[in-house]
Amino acid sequence: MALSKLTIYNGAARLLGQRKFASLTEENIARRTLDDIWDDGLIDYCLGQGQWSFATRSSILDASTSIIPDFGYRYAFELPDDFQNLSAICFDEYFKSPIIEYSLEAGVIYCDNNEIYIKYVSNDANYGGNYSLWSTTFGDFVKTKLALDSCIALTKNAAMEQKLAKDLKDMRKVAMNNDLRNQPPVKPAIGSWASNRLYSGRQYDRTNTLV
């Protein structure tokens, strides 16, 4: 069965021992609880937990014209709206020459090069937001996270919550190990940030489409 929001809900319900949903329009506390968790950034959280190959996007960024550093690094680069996790930052489009000296603060990259190439985990509908691209193991990771976050509200079962917390750690490891098979070695990025700031500079993806 193709992965969808409904199958994710039903996967979480199964882990909780709850009744299966026939649709996403059912009027009950279980559906409303899952909706609240989903709308509170569930997918963005899960995407931010790894450098998932299916959600990785490559872009070229020009220095921002609206942010001019007062000291230190000379140039600032605002992160794209769909950014969830940094995978690589390089001087070149082939990502063979990593930029070592840079800083990422409050959704802005600072460095001394006036043009940079980045790889990042994206929540865009054509990348991480596209369920058809997800691996089975990442889908299971999302279902487990949804079940964990809704467990107490729907079951009042603290023991089940503890088990789901352990299962979530295990599922993340399985999903990441599975995903690593699809990725070439890259220099790891430092940390993980999410940003909803507007991007004022130029940004192109591999299709040479301005985004």
Side-chain angles (χ1 to χ4, degrees), residues 1-24 26 28-57 82-88 119-196:
M1 181 183 293
L3 195 65
S4 66
K5 187 176 181 180
L6 179 59
T7 62
I8 294 170
Y9 273 34
N10 281 330
R14 183 174 62 252
L15 292 172
L16 294 170
Q18 300 287 302
R19 180 181 63 82
K20 182 178 180 179
F21 293 94
S23 74
L24 295 176
E26 290 187 17
N28 54 54
I29 188 172
R31 196 271 299 169
R32 289 192 293 272
T33 299
L34 297 187
D35 280 351
D36 287 344
I37 296 169
W38 184 279
D39 295 339
D40 198 32
L42 173 76
I43 303 306
D44 286 353
Y45 172 85
C46 292
L47 288 173
Q49 296 305 299
Q51 295 177 4
W52 314 106
S53 60
F54 64 85
T56 297
R57 187 173 192 174
D82 61 329
F83 175 92
Q84 294 301 313
N85 195 3
L86 184 64
S87 298
K119 282 188 178 182
Y120 65 96
V121 174
S122 163
N123 67 2
D124 185 87
N126 293 316
Y127 293 86
N130 185 344
Y131 307 141
S132 69
L133 299 178
W134 291 8
S135 65
T136 299
T137 50
F138 182 80
D140 289 341
F141 171 54
V142 176
K143 294 172 187 176
T144 306
K145 173 62 175 172
L146 182 56
L148 172 62
D149 288 355
S150 60
C151 182
I152 293 300
L154 297 182
T155 72
K156 306 296 191 295
N157 190 328
M160 179 182 287
E161 183 185 43
Q162 291 179 354
K163 180 181 183 303
L164 286 169
K166 179 182 181 302
D167 290 346
L168 183 67
K169 293 180 181 179
D170 293 340
M171 284 309 309
R172 178 177 177 270
K173 290 178 182 178
V174 171
M176 290 184 67
N177 288 337
N178 179 70
D179 194 74
L180 282 172
R181 299 171 189 164
N182 300 319
Q183 299 189 49
V186 296
K187 183 176 180 62
I190 300 175
S192 171
W193 296 264
S195 172
N196 291 320

task = For side-chain contact (heavy atoms from CB on, under 4.5 Å), just list the numbers for Trp134 and Ile43, CA-CA rounded to whole Å, side-chain angles, deciding distance to a tenth of an Å, and then say yes or no.
result = CA-CA 12 Å; Trp134 291 8; Ile43 303 306; 3.6 Å; yes

task = Taking the side chain as every heavy atom from C-beta outward, state whether Thr7 and Tyr131 have any atom pair closer than 4.5 Å.
result = no

Interatomic spacing from CG in Asp140 to CD1 in Ile8 - rounded to 0.5 Å = 10.0 Å

note = Between the NZ atom in Lys5 and the CG atom in Asp35, the distance rounded to the nearest 0.5 Å is 5.0 Å

inquiry  = Quick test of your reading: applying side-chain hydrogen bond (donor to acceptor under 3.5 Å, both in side chains), list the pairs with at least one residue in residues 143-153, sequence neighbours left out, ordered by first then second residue.
reply    = Lys145-Asp149

key: Considering all heavy atoms, the nearest Leu148-Ala165 contact   = CD1-N, 3.8 Å

ask   = If you take all heavy atoms of Ser53 and Asp179, which pair is closest and at what distance?
value = N-OD2, 2.7 Å

query = NZ of Lys163: more than 12 outside heavy atoms within 6.0 angstrom?
reply = no

query = Closest heavy-atom contact between Ser87 and Thr56?
reply = OG-OG1, 4.5 Å

task = Would you please say whether a donor-acceptor pair under 3.5 Å links the side chains of Asp40 and Tyr45?
result = no

query = How are the rings of Trp52 and Phe141 set relative to one another: parallel (under 30°), tilted (30 to 60°) or perpendicular (over 60°)?
reply = tilted

Counterpart residues, side chain to side chain contact (heavy atoms under 4.5 Å, CB included), relative to Asn123 (two or more places apart) = Asp44, Leu47, Asp82, Gln84

key: Point-to-point distance, once rounded to the nearest 0.5 Å, from CZ of Arg57 to CG of Asp124   = 4.5 Å

ask   = Distance-only, no hydrogens or angles: does the Asn178 side chain make a donor-acceptor pair with backbone N or O of Val174 under 3.5 Å?
value = no

ask   = Which heavy-atom pair separates Ala153 from Thr33 by the least distance, and what is that distance?
value = CB-CG2, 4.1 Å

query = Considering all heavy atoms of both residues, which atom of Val121 and which atom of Gly50 are nearest to each other, and what is their separation?
reply = CG2-O, 3.4 Å

Pairing residues for Met160 by the side chain to side chain contact (heavy atoms under 4.5 Å, CB included) criterion, not counting sequence neighbours = Leu16, Cys151, Thr155, Asn157, Leu164

remark   = So CG of Leu154 and CZ of Arg31: to nearest 0.5 Å the spacing works out to 12.5 Å

key: From CG (Asp36) to CG (Leu42), nearest 0.5 Å   = 12.0 Å

request  = Supply the atom-to-atom distance Leu86 CG to Gln51 CD, rounded to the nearest 0.5 angstrom.
outcome  = 7.5 Å

inquiry  = Give me the atom names and distance for the closest heavy-atom approach of Arg19 to Ala13.
reply    = O-CB, 3.8 Å

